[in-house]
Each structure stands twice: as C-alpha cells, then as structure tokens.
> 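Below you will find the structure I want to go over with you.
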Amino acid sequence: RYLVTSTLPHLRSTGDLAKKKTYPALWGLYRDGLLPENTKFFGYARSALTIEEIKENCRPFMNVKSEEETNYQNFWRNHFYVQGTYTQLTDFHKLNEVLCSYEPENGANRIFYLALPPSVFEVVTTNLRKSCVSKKGWTRIIVEKPFGHDDASSEKLSLHLASLFSEDQVFRIDHYLGKEMVQNLMILRFGNGLFSPTWNRLFVASVQITFKEPFGTEGRGGYFDKFGIIRDVMQNHLLQILSLVAMEKPPSIHPDDIRNEKVKVLKCIKPIKKEDVVLGQYVGNPNGKTDEEKKGYLDDPTVPNDSITPTYCTALLKIDNERWEGVPFILRCGKALNERKAVIRIQYNDVPGDIFDKQCKRNELVIRVQPNEAVYVKMMTKTPGMSFDMEETELDLTYSNRYKV
Ligand code: BG6
C-alpha cells in the first residue's frame with residue numbers, strides 16, 4: 001500500500017510556493033525516511049512542463065548535500081507531471097487514469113494538496129470529488145490559504161467543501177503550526193511549573209508577536225495585492241501564535257481540545273479600533289544594495305500603480321477575559337523590512353518595591369521562531385566582580401548550541 005500525493009504547483013511565477021517550499025519539504029520528508037515507501041508525487045497544473053524542467057526550477061531551493069545526490073535523484077524518479085485545466089472534468093478523469101496506472105492492484109491513499117488561486121478552489125474540489133477519489137484507500141484534501149477573503153466567503157467555501165468531503169478529510173493548512181518553536185509553545189507553557197503561575201495579567205505587561213521579512217512581493221504582487229499583509233500573514237500565522245500563547249490549558253493534547261481552546265480565546269478578542277492599527281506600504285530605497293531593495297511595492301509590475309494595499313501592519317489586540325484583561329497584545333508584520341525575524345516577546349511587569357534605584361529592566365521571555373530558534377529569558381544579574389553593579393543578561397536556550405538541528 002502506498003500513498004499518492006498530488007501537488008498542484010504554480011511553477012511559472014518566480015516567488016512561488018512549489019519550488020520554494022513544497023518540493024523542498026517533500027524532499028526533506030523523503031530524505032529523512034518519513035514517507036511511506038513507494039510514495040509517488042504528481043504535479044498537476046495548466047502549464048506544459050516536464051519533470052526535468054520542474055527539477056531544474058526547484059534545484060536552487062532543495063539544499064542537497066553532495067553525499068545525498070544519489071538519493072536525491074531517486075527522489076525525482078517518483079515524480080510525475082500531468083497537464084490539465086482546473087475547470088474541465090475530462091482533465092481530471094485523465095489525472096485519475098494516470099494516478100491509477102501507478103497504483104498497485106489493491107489501490108492507494110491519495111492526498112491532494114491544493115496550492116491554487118482561490119478562484120478555482122471550488123471547481124477543482126468538485127472535479128476531484130467527481131473523478132479522483134481513491135477507490136480503495138483514503139482521500140485527503142489539503143487547502144492552502146487564502147481560505148476566502150472574509151467571513152462570508154470562507155463560510156461559503158467551508159460549506160462547499162463539507163458538501164464534498166467529510167471534515168476529517170479536509171486539512172486547512174497554516175505552515176506556521178509546523179514550525180518547531182510554534183509547536184514548542186504548548187510544552188513551554190503547560191510543561192513548566194515555572195511559567196504557568198505568572199502567565200496572566202497580574203505578571204505580564206505586554207505580549208508582542210512580530211513577523212518581519214527582508215524581501216518584498218518579488219513578482220507575487222498579483223496574489224498579494226488582492227489580500228494584503230493582514231490576510232497574508234496576520235490573520236493566519238500571527239493569530240495562530242497568539243491563540244497558542246493566550247489560550248487556556250486544553251483538557252488534553254487532542255487536536256479537537258486544542259482547537260476548542262483556541263476558538264474560545266479568539267472569541268474574547270474585542271473588535272479592533274481604527275486608532276489601534278498602523279498600516280504602511282513599502283517604498284524603494286534609492287541607496288539599496290540590490291535591485292530588489294531599490295524597488296518599492298508599486299514598482300512590482302504585478303501590482304496596480306495606484307494600489308493602497310498594506311504591506312505592513314501593527315495592530316493592538318485586547319483579550320477581554322479574566323486572564324488577559326488590560327494586557328496589550330501587539331501584532332506586527334511587514335514585508336521588505338530590515339531583517340527576517342519571527343519572534344514572540346512576553347514582557348513582565350516592573351519589579352514591585354524597587355530597591356535598585358530604577359536600574360532593573362523588565363524581564364522578558366523571548367521565543368525566537370526564526371531564524372536561529374531560541375528561547376531566552378532577559379533578566380537582571382549582578383555584574384561579576386567586586387562591585388555591586390547590575391546588568392541585563394540572558395538565560396539562553398539557543399537551539400543551535402544545544403541541539404543538533
Ligand atoms: C506565507 C505568506 O504564508 O508565509 C508569505 O503568504 C510569507 O507572504 C510566508 O513570505 C512566510 O513564511 P516563512 O515560513 O518563510 O516565515
């Protein structure tokens with residue numbers, strides 16, 4: 001029994017998901033022996049492409065060590081590509097025939113990963129349901145964002161998917177949940193007696209969740225401009241992090257229990273006021289070192305000249321519940337900024353009853369999601385030596401020092 005993964009890559013664009021993320025991730029899973037033996041990968045898209053071309057497009061992003069070269073070539077032997085439209089059912093019959101021709105007699109499981117323009121989600125899932133469901137194994141559908149653009153459209157899409165597949169067949173993906181440090185949040189919070197008692201408004205002054213990227217849209221403006229930074233990054237990645245930081249302890253680590261706690265805390269967030277939001281759009285830096293740095297958002301040919309879509313947002317969120325009332329949650333995200341960084345800062349209150357002449361800085365628990373994962377606590381300590389001076393230092397768990405990652 002093997003598993004058939006069918007990816008639908010946009011391989012044409014330059015900053016695309018398939019070559020930057022999907023294929024490298026599949027390679028990583030294959031290399032580390034995490035996939036069932038005989039897994040086959042099928043790309044499906046409108047462009048006329050060969051596996052050789054896909055392989056070449058992906059190469060700069062695959063991170064292959066010289067000693068892995070043979071295994072890497074074997075990985076590509078399991079790849080196939082089918083060209084077809086998103087709208088014609090006959091093309092999906094064709095895809096199904098190709099899939100069947102590679103499956104053993106007793107069938108196979110199929111995962112369909114839909115990295116697609118949102119405008120075709122509905123027609124593609126309808127076509128998949130009609131012609132590509134595995135007859136003898138299970139079928140799963142993975143949906144990438146954007147999952148609609150507002151409440152009504154995401155509800156519509158949910159209802160549509162529910163009419164075709166059962167909920168446990170549908171996976172709405174947020175790749176931030178796969179990040180080591182995001183996964184670590186539950187363990188840090190609920191696996192340490194140290195943090196739990198102080199994880200509330202009596203001790204915490206503020207929570208800051210920041211996402212920064214040093215590059216702009218890089219030709220992805222066609223997609224980005226319709227959605228903007230809030231829908232692209234904040235409402236998904238940053239809110240997932242916020243809910244893991246702020247939710248109550250779930251009754252167990254079962255996914256449904258975690259989901260329920262996240263929903264509860266999200267329901268406690270008050271509607272955001274206009275004055276609590278700062279929006280921005282990046283402009284070119286004439287002194288930039290690369291052409292990319294010199295270009296502003298509006299210089300991207302895929303962005304309309306008069307676009308006012310935000311590429312930067314800071315928002316102040318307030319969680320109106322017993323644990324967090326009065327604690328500001330500050331979410332920040334932006335493209336074309338000074339560095340690549342995703343970080344969570346839990347800032348503690350000033351030390352009450354100060355005896356050090358206001359020299360103490362606030363403690364901070366910092367969880368650096370990327371790059372160079374780390375958990376550290378900023379704390380005051382005596383400067384070693386004969387004096388009684390103090391300084392801020394860190395209790396530091398930097399992963400690259402502690403773990404072979
Ligand atoms: C994606 C956004 O979801 O996340 C991109 O659409 C963004 O705009 C990307 O660049 C960031 O992911 P990562 O894993 O590189 O931080």
Side-chain angles (χ1 to χ4, degrees), residues 3 5 25 29 34-36 109-115 118 121-122 125 128-129 133-134 137-193 195-197 199-200 207 209 231 233-271 317 319-324 329 331 342 344 346 367 369:
L3 181 94
T5 302
L29 290 170
L34 296 169
L35 293 175
N109 300 319
R110 294 179 180 180
I111 299 177
F112 294 94
Y113 171 53
L114 311 184
F121 274 161
E122 295 198 6
T125 45
L128 286 173
R129 180 72 189 84
V133 170
S134 171
W138 49 249
T139 299
R140 288 177 183 167
I141 303 287
I142 306 180
V143 192
E144 261 288 345
K145 72 159 195 300
F147 196 85
H149 59 272
D150 59 8
D151 248 7
S153 51
S154 78
E155 174 82 8
K156 183 166 169 273
L157 185 53
S158 273
L159 290 173
H160 168 79
L161 288 172
S163 73
L164 303 173
F165 301 100
S166 62
E167 182 59 26
D168 60 3
Q169 288 181 290
V170 180
F171 292 75
R172 299 163 183 83
I173 212 165
D174 184 320
H175 78 280
Y176 264 60
L177 295 175
K179 294 200 186 268
E180 185 64 38
M181 284 320 221
V182 177
Q183 297 202 347
N184 195 12
L185 280 169
M186 292 238 328
I187 306 208
L188 272 180
R189 283 195 59 190
F190 304 122
N192 290 300
F195 299 124
S196 290
W199 207 266
N200 57 53
V207 177
I209 303 171
R231 290 187 176 89
V233 168
M234 190 178 267
Q235 60 82 28
N236 42 341
H237 306 327
L238 267 53
L239 273 191
Q240 283 289 356
I241 294 178
L242 176 140
S243 41
L244 284 165
V245 169
M247 72 183 187
E248 297 300 313
K249 188 193 273 191
S252 79
I253 56 169
H254 188 279
D256 289 350
D257 288 337
I258 299 172
R259 193 260 325 272
N260 290 345
E261 290 308 331
K262 285 180 172 175
V263 171
K264 275 195 224 160
V265 76
L266 290 173
K267 281 184 174 171
C268 296
I269 300 178
K270 290 183 181 167
L317 273 63
I319 303 178
D320 199 9
N321 68 11
E322 197 175 3
R323 183 183 292 275
W324 294 118
F329 279 72
L331 269 47
I344 307 159
I346 318 285
I367 299 150
V369 176

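No hydrogens, no waters, no symmetry mates; every other heavy atom, side chains included, goes into these values.
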> Check for a donor-acceptor pair, side chain of Gln183 on one end and backbone N or O of Leu177 on the other, with a separation under 3.5 Å.
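Checking the backbone N and O of Leu177 against the side chain of Gln183, a donor-acceptor pair under 3.5 Å is found.
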> Are Lys249 and Arg189 side-chain neighbours, meaning at least one heavy-atom pair lies under 4.5 Å?
no
> Test of understanding: with salt bridge (Lys or Arg N to Asp or Glu O under 4.0 Å), list the residues that count as partners of Lys145, not counting sequence neighbours.
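Counting only residues at least two positions away or on another chain, Lys145 forms a salt bridge (Lys or Arg N to Asp or Glu O under 4.0 Å) with Asp232.
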> Strictly distance-based, threshold 3.5 Å: is any side-chain N or O of Trp324 a donor or acceptor partner for the main-chain N or O of Ala246?
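Pair found, side chain donor or acceptor close to backbone of Ala246.
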> Any idea which heavy atoms bring Leu188 and Phe195 closest together, and the distance?
O-CD1, 3.4 Å
> Without swapping roles, check the side chain of Asp320 against the backbone of Cys268 for a donor-acceptor pair under 3.5 Å.
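The answer is no, because no donor-acceptor pair under 3.5 Å joins these two groups.
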> Just wondering, do Phe147 and Pro118 contact through their side chains at under 4.5 Å, heavy atoms?
no
> Determine the minimum heavy-atom distance between Gln169 and Thr139, stating which atoms define it.
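Taking every non-hydrogen atom into account, NE2-O, 3.1 Å.
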> Using only atom types and a distance under 3.5 Å, with no angle test, would you say the side chain of Ser196 pairs donor to acceptor with the backbone of Gly193?
no
> Could you tell me which residues satisfy side chain to side chain donor-acceptor pair (under 3.5 Å) with Lys264, sequence neighbours excluded, listed by chain and number?
Glu261
> Locate the shortest heavy-atom distance separating Ile187 from Asn192; write the atom from each residue and the value.
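Heavy atoms of Ile187 and Asn192 come nearest at O-ND2, 3.7 Å.
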> Got a sec, which residues hit side chain to side chain donor-acceptor pair (under 3.5 Å) with Asn236, two or more places apart in sequence or on another chain?
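Expected list: none.
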> Between the main-chain N or O of Leu114 and the side-chain N or O of Glu144, is there a donor-acceptor pair closer than 3.5 Å?
no
> Any side-chain heavy-atom pair from Thr125 and His160 closer than 4.5 angstrom?
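Thr125 vs His160: side chains touch.
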> Compare all side-chain heavy atoms of Leu238 with those of Phe329 and state whether any distance is below 4.5 angstrom.
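No - every pair of side-chain heavy atoms lies 4.5 Å or more apart.
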> If only atom types and distance count, is the side chain of Trp199 paired as donor or acceptor with the main-chain N or O of Val245 below 3.5 Å?
yes
> List the atom of Trp138, the atom of Ile111, and the distance in Å for their closest heavy-atom pair.
CZ3-CG1, 3.6 Å
> For Ile258 and Met186, which heavy atoms make the closest approach, and how far apart are they?
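The answer is CD1-CE, 3.7 Å.
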> Mind checking whether Tyr176 and His237 have parallel, tilted or perpendicular rings, split at 30° and 60°?
parallel
> Could you tell me whether the side chain of Asn184 and the main chain of Glu180 form a donor-acceptor pair under 3.5 Å?
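No, the answer is negative, given that no donor and acceptor are paired below the 3.5 Å cut-off.
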> State whether the side chain of Arg323 and the backbone N or O of Asn200 hold a donor-acceptor pair below 3.5 Å, judged by distance alone.
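Side chain of Arg323 to backbone of Asn200: no pair is present.
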> Identify the two heavy atoms, one from Ser134 and one from Gly137, that lie closest to each other, and give their separation to 0.1 Å.
OG-N, 2.9 Å
> Sequence neighbours left out, what passes side chain to side chain donor-acceptor pair (under 3.5 Å) with Asp257? Give chain and number order.
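Scan of Asp257 (side chain to side chain donor-acceptor pair (under 3.5 Å), adjacent residues dropped) gives Ser252.
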> Does some side-chain heavy atom of Phe112 sit less than 4.5 Å from a side-chain heavy atom of Arg140?
no
> Decide side chain to side chain contact (heavy atoms under 4.5 Å, CB included) for Glu248 and Val265; before the verdict, give the C-alpha distance in whole Å, the side-chain angles of both, and the deciding distance to 0.1 Å.
CA-CA 8 Å; Glu248 297 300 313; Val265 76; over 6 Å; no
> Quick one: list whatever passes side chain to side chain donor-acceptor pair (under 3.5 Å) with Glu167, sequence neighbours left out.
Arg172
> State which residues pass side-chain contact (heavy atoms from CB on, under 4.5 Å) with Glu155; sequence neighbours excluded, sorted by chain then number.
Leu159
> Find out whether Val143 and Phe171 are in side-chain contact, i.e. whether some heavy atom of one side chain is under 4.5 Å from a heavy atom of the other.
no
> Does a side-chain heavy-atom distance below 4.5 Å link Leu317 with Leu239?
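When only atoms from C-beta onward are counted, Leu239 and Leu317 do touch, with a gap below 4.5 Å.
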> Before giving the answer on side chain to side chain contact (heavy atoms under 4.5 Å, CB included), spell out for Val369 and Ile344 the whole-Å C-alpha distance, their side-chain angles and the decisive distance to 0.1 Å.
CA-CA 8 Å; Val369 176; Ile344 307 159; 4.1 Å; yes
